[in-house]
Amino acid sequence: MNHSRLALLVLCAAPLAACSATAATNASQALDTRPFPRLAAQVADGPVLVEARYYLDHKRTFGAELPREARVLPVALKLGLAPGAAGSARIDPDQAGARLYLPDGTVLASKFQAAVWTEFKSVNDLVAANALQSRVLPPWSAAGESFVYFVLGEAGEVFVRRGELTLGAGEDARSFALADALIAFELELDGQVRTLFVGLEVGNGAPRGN
Amino acid sequence: MRTLLVYLALFSAAAGAVGCAAGRPVPTREILAGELAQAREAQQRDDAQRALELASGVLSNTRAADTDSAALRFEAAMLAARVHLRAASETPFLREPRASGVPGPSAVAHSMAAARCFELARRCASAAQRGGANAVAAELELANYAELAFHSQLGLGASCNAFLQRAPGLANAKSAAERFARPELARQRAWLYLALFEHVRNRDELEAYRFAVLAIEESSAARGFDVRRVARLERWIASEATLEFHCPKCDLLVAPGLRACPNDRTPNAEFVGRKRL
């Protein structure tokens, strides 16, 4: 009786042991294939805080789809000084050299707001009114969003749909989530030129603080 | 122009699945393996653009989910990432617009492209391992560290911290130094230690001190790790930390500008902390 129980136990245990050995092997080969966290869309660099956002429904702000009507991508920047921060920071859009890096290494330049043009005067006025202006950075609590405009080139070169940007066309087209893009620009902090980098948040809503 | 073509080719491939869907003849596995071998040779003779061109051919003719070709795809993606990383730290050939109006070489563009290649590699890593690719786990670890260094260099603290929270093995300076010993990370180490310093400085000052010392020691090899950053770390060690750091043998207070105790050559990283008086 004892022998038959022992035999039964061995028969049951053998596959379990084999299973357990396989599991151990699999565990030892387990791979961490999780994507690296996205580029942060809010950044603190010393006393300067910056946030960047692309509004999917920016037509509510400008009255037009700017990628289609003006071949630019409007990105809202919020810039301010951290609470209690000492120091003085200033941004001048003419000197900031704002640029947008896509995940494949393509880099889009920004355009002065005066050069952003549509056939609708009301849209052009809103583009100018919402553009980032030369200014000393306010405290973060008083900061609002203003826009920089990235050049999309000729129609057919770059296509924007919802939160995705496509370069090229046909078989060679390649698409990227705008949330994987990176923005850089220069500003002056205590008299020194500094380059700031920030990821891009993509979302709905209207610009805050305007 | 050639740069642009190479570059377009590589990432049209990355967009995925093009050749097969378009009904073009798909090269055999042997042909793709041959192209990958040529890409490796081009990489070894520092012909970055040719290496990328060949790697792009392999990427455009393989799919992430196809176990048969996943190993080739994985290796091509990692090779392309390495080429971009090297270009970023040595001789960037991608360009970016400048405020002056004259485009200049862009290390950041290469780092973005490398990150994209790492992501392509991650997507086929499991299939690649099943398909017999070597050292997949180690390659993915390299990808993570290279991206961490990039985010650290950009000053993106939130994404660095998000990664470090899921990498507890790096919270200790000794184990981090072992993991970062790979030669490919020589130019990134200072940025990696800086990320770790920022991650732990508010909860473990002794470990933060060690990361700061290691970052200072590695700073000369790291592109863009300027004197301002070194000075900031030295200032934290000398006056901003709530601990002060002493030689365990002679009790001398640390001099952040030196690498070791001037009395007995004990390395700064081995100093001990005690409450500042």
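Convention: sequence-line order gives letters A, B, ...; per-chain numbering from 1. Hydrogens, waters and symmetry mates play no part in the numbers below; they use all other heavy atoms, side chains included.
- Two residues are said to be in side-chain contact when any heavy atoms from C-beta on lie closer than 4.5 Å; B:Arg122 and A:Phe36 meet this criterion.
- For B:Ser106, the part lying under 4.5 angstrom from a heavy atom of chain A is the side chain only.
- Contact annotation for A:Arg38: only backbone heavy atoms (N, CA, C, O) come within less than 4.5 Å of a heavy atom of chain B.
- Counting heavy atoms from C-beta outward, B:Arg228 and A:Arg194 have side chains that approach closer than 4.5 Å.
- One finds the CG atom of A:Asp180 at 8.0 Å from the CZ atom of B:Arg116 (value rounded to the nearest 0.5 Å).
- Ranking A:Ala41, A:Ala40, A:Gly97 against chain B, the residue ahead of the rest is A:Ala40, based on heavy-atom pairs under 4.5 Å.
- For A:Arg162, the CZ atom is loosely surrounded, since the number of other residues' heavy atoms within 6.0 Å does not exceed 12.
- Residue A:Leu108 touches chain B through its backbone alone, counting heavy-atom pairs closer than 4.5 Å.
- In plain terms, the two heavy atoms of B:Arg95 and A:Val107 that are nearest each other are O-CG2, 3.6 Å.
- Atoms CG and CD1, on B:Leu154 and A:Ile183 in that order, are 12.5 Å from each other to the nearest 0.5 Å.
- Between A:Thr33 and B:Arg123, the closest side-chain pair of non-hydrogen atoms is not below 4.5 Å.
- In terms of heavy-atom proximity, A:Pro37 sits nearest to B:Phe163 at CG-N, 3.6 Å.
- For chain A, the nearby parts of B:Ala125 are the backbone and the side chain; heavy atoms of each come within less than 4.5 Å.
- Residues B:Leu140 and A:Asp32 fail the side-chain proximity criterion, which asks for heavy atoms closer than 4.5 Å.
- When heavy atoms are compared at a cutoff of 4.5 Å, B:His151 approaches chain A solely by way of its side chain, counted from C-beta outward.
- Of the two parts of B:Glu96, the backbone and the side chain both hold a non-hydrogen atom closer than 4.5 Å to a non-hydrogen atom of chain A.
- Residues B:Met112 and A:Tyr101 share a closest heavy-atom pair of CE-O, 3.5 Å.
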